Number of protein chains: 2
Amino acid sequence: MALGWILFARGNRHITAELLHEEVTKAKVPVSLATIYNTLHQFAEVGLLRQVAVDGARTYFDTNASDHHHFFIEGENTLFDIAQTEAVVDRLPTPPEGYEIVRVDVVVRLKRIGG
Amino acid sequence: MALGWILFARGNRHITAELLHEEVTKAKVPVSLATIYNTLHQFAEVGLLRQVAVDGARTYFDTNASDHHHFFIEGENTLFDIAQTEAVVDRLPTPPEGYEIVRVDVVVRLKRIGG
DNA sequence: TTTTGTGCAAATCGTTTGCACCGTT
DNA sequence: AACGGTGCAAACGATTTGCACAAAA
């Protein structure tokens with residue numbers, strides 16, 4: 001398991017379970033998709049990974065677990081970070097009675113110009 | 001078809017295909033899930049509905065197609081609008097070369113205090 | 001030998017697709 | 001008789017679960 005994670009340890013990335021599976025398999029260790037999912041979730045629980053819901057179909061995992069937001073390119077299904085310097089949220093909305101804010105997700109959807 | 005939509009015409013709501021199916025069936029018209037999906041998507045294309053990706057599993061459709069953001073209660077899987085007065089986004093990030101912004105989705109995740 | 005942890009085959013479940021049916025031209 | 005639109009059964013694909021196996025206690 002730790003094995004698969006040398007893979008994750010290099011570079012900030014956004015991958016889907018399937019993509020990681022492919023990569024891991026192609027590289028060396030043959031491991032089933034289910035295991036990939038289990039592992040990804042475990043890492044996410046522990047806070048090493050951040051799960052990003054962006055298009056309903058696939059689940060993306062971000063190796064950068066810090067608080068930041070994302071660009072998502074429709075059609076290409078590419079996800080990448082928005083620089084922290086590009087402040088986006090200025091004021092948090094007041095949550096309703098009895099609830100507290102867990103996280104704020106911002107997804108800026110892009111499309112190729114002209115496309 | 002227009003029939004099912006009398007249902008949608010009353011009140012601003014956020015529903016999943018499954019929920020709508022249940023409602024429609026329970027009420028009167030027996031219609032298959034597939035039809036619900038087809039119809040929802042058609043409405044979304046035309047701009048009467050707004051599709052919200054919030055948790056990867058389910059797809060939510062918002063009868064309020066205007067530009068606004070959402071609260072999402074984890075565990076309860078409830079989605080509702082953030083009042084427009086609660087400004088959240090102040091400055092849009094600059095999109096990368098060759099791309100333009102299509103939409104900005106903001107989801108504020110909540111959890112019950114103490115929960 | 002019991003317990004705890006790990007990986008995966010098979011099942012699940014939301015969603016989509018291909019096709020049959022029916023009213024219209 | 002050909003055409004267009006509609007609904008749905010069956011297929012699909014991403015994700016989860018239940019269980020079998022192995023190492024540790």
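A note on names: the letters A, B, ... follow the listed sequences, proteins ahead of strands, and every chain is numbered from 1. Keep in mind it's a predicted model, so treat the numbers as computed, not measured.
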A:I36 atom CD1 is separated from D:dT17 atom C1', nearest whole Å, by 17 Å
Rounded to whole Å, CG of A:L20 lies from P of D:dT15 at a distance of 12 Å
Contacts of A:H41 meeting side-chain hydrogen bond (donor to acceptor under 3.5 Å, both in side chains) (sequence neighbours excluded), chain-then-number -> none
Give me the distances for all protein-to-nucleotides 15-19 of chain C N/O pairs that come in under 3.5 Å?
from   : atom 1 : to    : atom 2 : distance (Å)
C:dT15 : OP1    : B:T59 : N      : 2.7
C:dT15 : OP1    : B:T59 : OG1    : 2.5
C:dT15 : OP2    : B:Y37 : OH     : 2.2
C:dT15 : O5'    : B:Y37 : OH     : 3.0
C:dT16 : OP2    : B:H41 : NE2    : 3.4

Atom CG of A:L19 and atom P of D:dG13 are separated, to the nearest Å, by 17 Å
A:D105 meets the salt bridge (charged side-chain N to carboxylate O under 4.0 Å, His left out) criterion, sequence neighbours left out, with A:R50, A:R103, B:R109
From CD of B:E22 across to P of C:dG14 the rounded distance in Å is 11 Å
Less than 3.5 Å apart, which donor and acceptor atoms pair up between the side chains of residues 51-60 of chain A and the rest of the protein, not counting sequence neighbours?
from  : atom 1 : to    : atom 2 : distance (Å)
A:D55 : OD1    : A:A57 : N      : 3.4
A:D55 : OD1    : A:R58 : N      : 3.3
A:Y60 : OH     : A:N77 : O      : 3.2

Taking A:R112 first and then A:E76, would you say they form a salt bridge - that is, a charged N and a carboxylate O separated by under 4.0 Å?
yes
B:E18 meets the side-chain hydrogen bond (donor to acceptor under 3.5 Å, both in side chains) criterion, sequence neighbours left out, with none
Rounded to whole Å, the NE2-C1' distance (A:H21 to C:dG7) equals 11 Å
Closest non-hydrogen atoms of A:I36 and A:A17, given as atom of the first, atom of the second and distance, are CG2-O, 3.7 Å
dist A:L92:CG -> B:I82:CD1 (nearest 0.5 Å) comes out at 9.0 Å
Step-by-step side chain to side chain contact (heavy atoms under 4.5 Å, CB included) determination, A:L33 to A:T35: CA-CA 5 Å; A:L33 254 176; A:T35 302; over 6 Å; no
When the rotation axes relating C1' atoms of four end pairs to the next four are compared across the helix from C:dT1-D:dA25 to C:dT25-D:dA1, five pairs an end, they differ to 10° by 20°
